Amino acid sequence: MSSKPVLLGVMQVKELSILLVTIAAGIYFTVTSGAFNSPDNYQTIAQYVAPWSIIAAGQVMLLICGEIDLSAGFVFTLAPFTMMQFFVNGWPLWLALLGAIAVSTLVGLANGMIRTVLGIPSFITTLGMAFLLQGLVLIISNARPVAAPKGSGVLEVFGGAQWTEFLWALGVVVVMQVVLSATRFGIHTQATGGNPVGAAESGIPVNRVKVVNFAITSTLAGLAGILQGTRVGSYDPTNGGFTTMFFAVAAAVIGGTALLGGSGTVAGAFLGALLLGIVFDGFNLTGVSANAFNVVLGAAILGAMVLNVTLIVVRKRVGSRERT
């Protein structure tokens, strides 16, 4: 039996490159640090991965559309403070949480409408929104952390109980991957990024697809902010921001999402977040100097991207040979 069909099938797995790098990173830190393979450390890695992968699930949809949301990290910061504002003003906690998620969605809708109606590039639109939200958070919080409510069953489900944040991340990744790959909306999203003119001429509401994806990204960012702050036990106005947003975008891009739009997978973004979490945690365990940390992390990201591009070329060559 020929091995070519098997090889072709393996090469067509878009997440293969990032999976190989992630496995290699896990093996490396297993060998170099005795503390890496422990239940406590797995939980630490999960705490890194969860917010990045939740936000990345939305960013993948936007990047496939050919857009980006730089304000997602500040929606992440704003959502828990919005929830607390509703809560201290007499709203039941579950309703305050839903209200905060709704406000997050409205931020995304505003970004999408400004982008599509006024034609302002998403980079500029969401950059302006990022600074606006940053200032709003500092005003609402008086630049001080706020303790999360205690003894609430609602918050036990939304990050308070052990592993719930990571379970939410897994659920979001599965749902968004299904939406992207198995629904009409997902097909429209890919068509919008791959060929916007052709998509519009074929009847796809391109602007509506973009607005919805902006709303999805902000909604997921708000959810991630509430989950992480609740897990930690306090909501910090300095948490999130551009750092969290860029890690989410890096996870999406490392996972194979094209910056120019048209292709990508949420599952790949999750693997990208997992790789970043393993590297981040592993460097801490092995005592990498803080001065060199970003250099090594950047090299790891570039290495993953080079391998990803290499495998894309190999897939094309194997596929063309199989057809001939």
Side-chain angles (χ1 to χ4, degrees), residues 35 38-58 72-104 107 133-173 218-248 251 273-274 276-278 280-281 283-285 290:
S38 67
D40 288 342
N41 194 57
Y42 293 153
Q43 187 172 1
T44 299
I45 294 172
Q47 291 167 1
Y48 290 133
V49 172
W52 298 340
S53 57
I54 291 173
I55 300 174
F74 293 100
V75 177
F76 175 96
T77 311
L78 175 67
F81 286 101
T82 305
M83 181 184 74
M84 292 303 297
Q85 285 293 308
F86 289 145
F87 180 59
V88 298
N89 282 285
W91 289 36
L93 189 54
W94 66 269
L95 187 58
L97 190 149
L98 291 178
I101 296 296
V103 169
S104 301
V107 172
L133 295 179
Q134 182 183 38
L136 188 59
V137 168
L138 294 175
I139 291 171
I140 292 174
S141 66
N142 291 318
R144 288 180 290 187
V146 173
K150 302 293 184 180
S152 167
V154 172
L155 291 187
E156 284 294 299
V157 175
F158 285 85
Q162 194 174 33
W163 290 102
T164 51
E165 184 184 18
F166 187 69
L167 291 175
W168 271 101
L170 289 177
V172 167
V173 168
S218 284
T219 301
L220 293 178
L223 172 64
I226 293 172
L227 289 169
Q228 189 183 63
T230 302
R231 175 185 60 77
V232 173
S234 68
Y235 307 124
D236 191 336
T238 64
N239 198 15
F242 288 120
T243 299
T244 298
M245 181 276 299
F246 279 123
F247 269 110
L274 181 59
L276 291 176
I278 289 173
F280 201 96
D281 176 73
F283 286 167
N284 286 331
L285 290 177

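Just so it is clear, the model here is predicted, and its values are computed rather than measured.
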Hey, are the side chains of L133 and T77 touching, using non-hydrogen atoms and a 4.5 Å cut-off? no
Could you pull out the closest heavy-atom pair between V49 and G277, with the gap in Å? CG2-CA, 4.2 Å
Could you measure the distance from the CZ atom of F86 to the CG atom of L95? Nearest 0.5 Å is fine. 8.5 Å
Is there a side-chain contact between V172 and L223 in this structure, where contact means two heavy atoms from C-beta onward sitting under 4.5 Å apart? yes
Which residues pass the ring pair (Phe, Tyr, Trp, His ring centres under 6.0 Å) test with Y42, not counting sequence neighbours? none
Sub-3.5 Å donor-acceptor pair from the side chain of N142 to the main-chain atoms of R144, do we have one? no
State, to 0.1 Å, how close A96 and M83 come at their nearest heavy-atom pair, and which atoms those are. CB-O, 3.4 Å
Would you compute the distance between atom CG of L170 and atom OG of S53 and round it to the nearest 0.5 angstrom? 7.5 Å
Point-to-point distance, once rounded to the nearest 0.5 Å, from CG of L97 to CG of L155: 6.5 Å
Would you please classify the geometry between the F166 ring and the W163 ring as parallel, tilted or perpendicular, with 30° and 60° separating the classes? perpendicular
Contacts of S104 meeting side-chain contact (heavy atoms from CB on, under 4.5 Å) (sequence neighbours excluded), chain-then-number -> V75, A79
Does any part of the side chain of F81, heavy atoms only, come nearer than 4.5 Å to the side chain of V146, both counted from C-beta? yes
Scan side-chain atoms only and decide if D40 and S38 contain a donor-acceptor pair under the 3.5 Å cut-off. no
By ring pair (Phe, Tyr, Trp, His ring centres under 6.0 Å) - contacts of F158 (at least two apart): W168
On a heavy-atom basis, which atom in P51 and which in F76 lie closest, and how many Å separate them? CB-CE1, 3.8 Å
For A148, check side-chain contact (heavy atoms from CB on, under 4.5 Å) against everything at least two apart and list the hits. Y235
side-chain hydrogen bond (donor to acceptor under 3.5 Å, both in side chains): which pairs involve residues 82-96, sequence neighbours left out? none
I want to check something: taking the side chain as every heavy atom from C-beta on, are M84 and F87 in contact at a cut-off of under 4.5 Å? yes
Which atom of A143 lies closest to which atom of P237, heavy atoms considered: C-CG, 3.8 Å
What I'd like to find out is whether the side chain of V107 reaches to under 4.5 Å of the side chain of F74, using heavy atoms alone. no
Heavy atoms of L227 and E165 approach each other most closely as CB-CG, 3.9 Å
Roughly how far, to the nearest 0.5 Å, is the CD1 atom of I226 from the CZ atom of R231? 14.5 Å
What are the two closest heavy atoms between G159 and T230, and how far apart are they? C-CG2, 4.0 Å
In this structure, CD1 of I54 is separated from OG1 of T219 (nearest 0.5 Å) by 12.5 Å
Rounded distance (nearest 0.5 Å) linking atom OG1 of T164 with atom CD of Q162: 9.0 Å
Do any side-chain atoms of residues 240-247 form donor-acceptor pairs under 3.5 angstrom with protein atoms, and if so which ones, sequence neighbours left out?
none

